[in-house]
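Before any comments, here is the structure.
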Amino acid sequence: GNSVTQMEGPVTLSEEAFLTINCTYTATGYPSLFWYVQYPGEGLQLLLKATKADDKGSNKGFEATYRKETTSFHLEKGSVQVSDSAVYFCALRGDYKLSFGAGTTVTVRA
Amino acid sequence: KAGVTQTPRYLIKTRGQQVTLSCSPISGHRSVSWYQQTPGQGLQFLFEYFSETQRNKGNFPGRFSGRQFSNSRSEMNVSTLELGDSALYLCASSLTGTGITGELFFGEGSRLTVL
């Protein structure tokens, strides 16, 4: 079946540091891939998505590229802010549902 | 445009009781999905409804059930509660359903504690 593996956290960074969260997937075919973010006390919000190989999703300074050859969709941001502190989930769409990774907690210190 | 609304936000039940959670999707959205979020298992898919029909169901026991009404509002019910049912239950709506776009809009969740 479909599955998503994310790098384990928690991740603690200083403001303006570079952030990478690794995500790899197992799926049949070429699923759409997503990054969702959950801020404290809130539900999940779609951060970015990519629907086919080599697509790059981007939003709020975050980027992720759909790599078919490595079955990966790593999330990156060049300069994080305190407001980026949240839990980040990688997900893929298949079989009429989203399959999520375990989530990575990111804390950015001022 | 109002977002996805879930009620109640917090509730405490005891083992053996049942609980009903409600979800009002974004206006115009016809699909509602439910997910259970726990620290140990993460986010797990419960079921998805589209135009009052259950389109997909996750690997949960029959104690977990749901339905969708003609106005797209959805409810999920858990009967004979167990301690392990303590979780954040998230509802998500979409215009056409997960199978088409995969873009879901989530509510803030209903946090259930079973004592």
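Just so it is clear: chains get the letters A, B, ... in the order the sequence lines come, proteins before strands, and each one is counted from 1. Since the structure is predicted, the reported quantities are computational estimates derived from the model, not experimental observations.
- Residue A:Glu69 places its CD atom among more than 12 non-hydrogen atoms of other residues, nucleotides or ligands, all under 6.0 Å distant.
- Heavy atoms only, all atoms of each residue included: B:Glu103 and A:Phe34 are closest at N-CE2, 4.4 Å.
- In this structure, A:Glu8 places its CD atom where only 12 or fewer heavy-atom neighbours from other residues, nucleotides or ligands lie under 6.0 Å away.
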Next on the checklist: For a side-chain contact (heavy atoms from CB on, under 4.5 Å) check, start with the C-alpha distance between B:Glu48 and A:Lys97, then their side-chain angles and the critical distance, and finish with the verdict.
Outcome noted: CA-CA 8 Å; B:Glu48 180 184 52; A:Lys97 66 179 181 182; over 6 Å; no
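- The number of heavy atoms from other shown groups lying within 6.0 Å of CZ (B:Phe69) is above 12.
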Checklist entry - Does the side-chain contact (heavy atoms from CB on, under 4.5 Å) test come out yes or no for A:Leu98 and B:Phe45, once each step is laid out? => result CA-CA 7 Å; A:Leu98 290 181; B:Phe45 172 75; over 6 Å; no
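- More than 12 heavy-atom neighbours from other residues, nucleotides or ligands sit within 6.0 angstrom of CZ on B:Arg9.
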Next on the checklist: Checking B:Tyr35 against A:Leu44 for the side-chain contact (heavy atoms from CB on, under 4.5 Å) test, could you report, in this order, the C-alpha distance in whole Å, the side-chain angles of both residues, the deciding distance, and whether it holds?
Outcome noted: CA-CA 11 Å; B:Tyr35 288 80; A:Leu44 276 71; over 6 Å; no
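- At a 4.5 Å heavy-atom cutoff, B:Gln6 makes no contact with chain A through either its backbone or its side chain.
- For CG of B:Asn59, the number of neighbouring non-hydrogen atoms (other residues, nucleotides, ligands) closer than 6.0 Å is 12 at most.
- Contact annotation for A:Gln38: only side-chain heavy atoms (C-beta onward) come within less than 4.5 Å of a heavy atom of chain B.
- In terms of heavy-atom pairs under 4.5 Å with chain A, the best-connected choice from B:Gly107, B:Gly109, B:Gly58, B:Gly42 is B:Gly107.
- For B:Arg111, the CZ atom sits in a loose shell: 12 or fewer heavy atoms of surrounding residues, nucleotides or ligands are nearer than 6.0 Å.
- Closest of all the heavy-atom pairs between B:Leu104 and A:Tyr36 is N-OH, 3.0 Å.
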